[in-house]
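Accompanying notes for the structure given below.
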Number of protein chains: 2
Amino acid sequence: MLISVKTEMKLDPVMEKLVLHWGEMGSRWGISRMVAQIHALLYFSPKPLPADEITEALGVARSHVSNSLKELQTWGVVKVVHVMDDRREHFQSIKDVWQLFEILLDERKRRELDPTLKTLRETQALLNDGTMTDPHTRERVKDMLAFFELMDGWYGEVRRMPLESRVKLVKWGTRLRGWLS
Amino acid sequence: MLISVKTEMKLDPVMEKLVLHWGEMGSRWGISRMVAQIHALLYFSPKPLPADEITEALGVARSHVSNSLKELQTWGVVKVVHVMDDRREHFQSIKDVWQLFEILLDERKRRELDPTLKTLRETQALLNDGTMTDPHTRERVKDMLAFFELMDGWYGEVRRMPLESRVKLVKWGTRLRGWLS
DNA sequence: CACAAAATCCAGAAAAAACAGAAATATGAA
DNA sequence: TTCATATTTCTGTTTTTTCTGGATTTTGTG
């Protein structure tokens, strides 16, 4: 992995560090580098930014910024804001960390779990229709499906809880341990 | 995304469906397609397979299979087994779903969370050393760091629990809700 | 030890993803 | 409505990742 700083950004060093890091992590988070960098910029920035300034700050093509912003808006983590005496659209990120990761997790579940759950269910149906498949394979499908169903159910359950409960769940790590035994 | 079935596999249709799906999901899971396909093959297969047969089943270069197997072994999800009267190494996947996802999650935490936690700590230190950074940015760093610390702690906590407790935690979705309020 | 089979390394080809820049379109103020 | 500015779409280029095939090394067997 190459860490290239093509045009050095004229940003607060702290900001720059964060933006670069977010960008590097992007690929690991299943997000393109640019999208991740823009999000970092908007999240940590004190004020909403117009596309131009993002282009300038990151030193990339205007069009690319446009596309990336659209993606962020689709996910709902970035909103359009209007600033007095400025015709341009300004963008700002959701600031609440919990809300942010809620969106992120939902998205990941949708992309990484749901399709597999679907496939496993289809496979299970196939097996019930009596294909000649090895018993061991059948067993593995059963196990895997059960696991995914369980996780899916749990996620739904936790997801429906009020935010405060979820916060408690995480903050009460130690108490949890006692309660479970 | 192109779904190419270059050489059709001579596999049980159920197996083929699973292998192809695993492959497609691989990229979303942060795993290369080949690695994911091989893992599916070994996980669902009734018996350990030698590299040759994997090569043949998936229709890819022998060397690539070798590299992918090495990666799977590094993670610890695939082990080498020896079969009587066969000089070749045979490979088999861990079969326990919980153990499997434990490894997977640990790996993802290591790659997706830990580096950011580190960066945020460094950033925090930088801020304490008195850089001229906007108060809003400082606040966002604080929030984000607090969130990551919390999650990191929680993961450690849950991770240290005995497996049965973790299973309970997931199975008791509904009870959990009551306990938290 | 020798030799054959298996496994791996490595350089480069192929495929996929990210990105640039110009052309086209849309938007709002006068 | 017109004009200037802001935004998006589209096509081609660059970069990154995945994969191939032969060369090399390792491993087990007689």
Side-chain angles (χ1 to χ4, degrees), chain A residues 1-7 9 19-20 22-39 48-74 78-91 111, chain B residues 1-7 9 19-20 22-39 48-74 78-91 111:
Chain A
M1 184 163 311
L2 180 66
I3 300 166
S4 66
V5 185
K6 78 160 63 161
T7 312
M9 312 167 178
V19 166
L20 288 177
W22 245 239
E24 278 175 50
M25 295 304 287
S27 51
R28 304 190 189 182
W29 295 336
I31 297 171
S32 92
R33 195 177 78 201
M34 186 53 42
V35 171
Q37 283 192 350
I38 292 180
H39 180 253
L49 299 174
D52 294 353
E53 286 184 32
I54 298 173
T55 303
E56 197 182 5
L58 303 181
V60 293
R62 180 54 229 272
S63 57
H64 206 203
V65 169
S66 176
N67 292 332
S68 304
L69 280 170
K70 216 170 64 174
E71 192 171 341
L72 285 166
Q73 282 174 277
T74 307
V78 162
K79 309 281 183 192
V80 178
V81 184
H82 284 280
V83 170
M84 267 306 170
D85 297 327
D86 197 330
R87 192 173 136 185
R88 301 169 302 177
E89 295 189 306
H90 287 59
F91 301 89
R111 293 197 299 185
Chain B
M1 185 166 307
L2 180 65
I3 300 165
S4 64
V5 184
K6 78 162 60 160
T7 312
M9 311 166 179
V19 167
L20 289 177
W22 245 241
E24 278 175 50
M25 295 305 287
S27 51
R28 304 191 189 180
W29 295 336
I31 299 172
S32 91
R33 197 178 75 201
M34 186 54 40
V35 172
Q37 283 192 350
I38 292 180
H39 180 253
L49 299 174
D52 293 354
E53 287 184 32
I54 298 173
T55 303
E56 198 182 5
L58 303 181
V60 293
R62 179 52 230 273
S63 57
H64 204 204
V65 169
S66 176
N67 291 333
S68 302
L69 280 170
K70 216 171 67 173
E71 192 170 342
L72 284 166
Q73 282 173 276
T74 307
V78 162
K79 309 282 183 194
V80 177
V81 184
H82 285 280
V83 169
M84 267 305 170
D85 297 328
D86 196 330
R87 191 172 139 187
R88 300 169 302 176
E89 294 190 305
H90 288 59
F91 301 89
R111 292 196 300 184

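A, B, ... follow the sequence lines: proteins, then strands. Residue 1 opens every chain.
In this structure, the CD1 atom of A:Ile38 is 13 Å from the P atom of C:dA18, given to the nearest Å. For the pair B:Glu71 CD and D:dT17 P, the interatomic distance rounds to 13 Å; values are reported in whole Å. Rounded to whole angstrom, the span from the CZ atom of B:Arg33 across to the P atom of C:dA17 amounts to 10 Å. Following rounding to the nearest Å, A:Asp85 (CG) and C:dA29 (P) show an atom-to-atom distance of 10 Å. Taking atom CE on B:Met34 and atom P on D:dT20, their separation rounds to 6 Å, with Å as the unit. Nucleotide C:dA6 holds its C1' atom 12 Å from the NE2 atom of B:His90, rounded to whole Å. Summarising the geometry, the separation between CG on B:Leu69 and P on C:dA6 is reported as 15 Å, rounded to the nearest angstrom. Between B:Ile54 atom CD1 and C:dA6 atom C1' there is a gap of 14 Å when expressed in whole angstrom units.
Comparing the start and finish of the helix from C:dC1-D:dG30 to C:dA30-D:dT1, five pairs each, the helix axis swings through 30°, to the nearest 10 degrees.
In this structure, A:Ser63 reaches the bases: a heavy-atom distance under 4.0 Å links it to at least one base atom across the strands shown.
A 4.5 Å side-chain heavy-atom check between B:Ile38 and B:Val78 finds every atom pair outside the cut-off. In this structure, the side chains of B:Gln73 and B:Lys79 stay at 4.5 Å or more apart for every pair of heavy atoms. Residues A:Val60 and A:Gln37 have side chains not in contact (no heavy-atom distance under 4.5 Å, counting atoms from C-beta outward). Taking 4.5 Å as the limit, some side-chain heavy atom of A:Val80 sits within range of a side-chain heavy atom of A:Phe91. Looking only at side-chain heavy atoms (C-beta outward), A:Glu53 and A:Arg88 come within less than 4.5 Å of each other. A 4.5 Å side-chain heavy-atom check between B:Asp52 and B:Glu56 finds every atom pair outside the cut-off. Residues B:Ser68 and B:Val65 form no side-chain contact, since every pair of their non-hydrogen atoms from C-beta on lies 4.5 Å or further apart. Residues B:His82 and B:Glu89 have side chains in contact (heavy-atom distance under 4.5 Å, counting atoms from C-beta outward).
Residue B:Leu58 holds its CG atom at 11.0 Å from NE2 of B:His64, rounded to the nearest 0.5 Å. Interatomic distance, CG of A:Asn67 versus CE of A:Met34, reported as 11.0 Å (0.5 Å rounding).
Here D:dT7 is the nucleotide among D:dT7, C:dA7, D:dT9 with the atom lying nearest to any side-chain atom of A:Arg88. Between C:dG21, D:dT7, D:dC19, one nucleotide has an atom nearer to the side chain of A:Glu89 than all others, and that is D:dT7. Nearest to the side-chain atoms of B:His64 among the listed nucleotides C:dC19, D:dT20, C:dA7 stands D:dT20. When distances are taken from the side chain of A:Ser66 to each of D:dT20, D:dT7, D:dT8, the shortest belongs to D:dT8.
Position along DNA chain C of the nearest nucleotide to B:Asn67 versus B:Arg62 favours B:Arg62 as the more 5'-ward residue.
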Where do N or O atoms of nucleotides 26-30 of chain D meet protein N or O atoms at under 3.5 Å, pair by pair?
unit_1: D:dT27; atom_1: O2; unit_2: B:Arg87; atom_2: NH2; d: 3.0

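Residue A:Lys70 places at least one side-chain N or O under 4.0 Å from the OP1 or OP2 atom of D:dT9.
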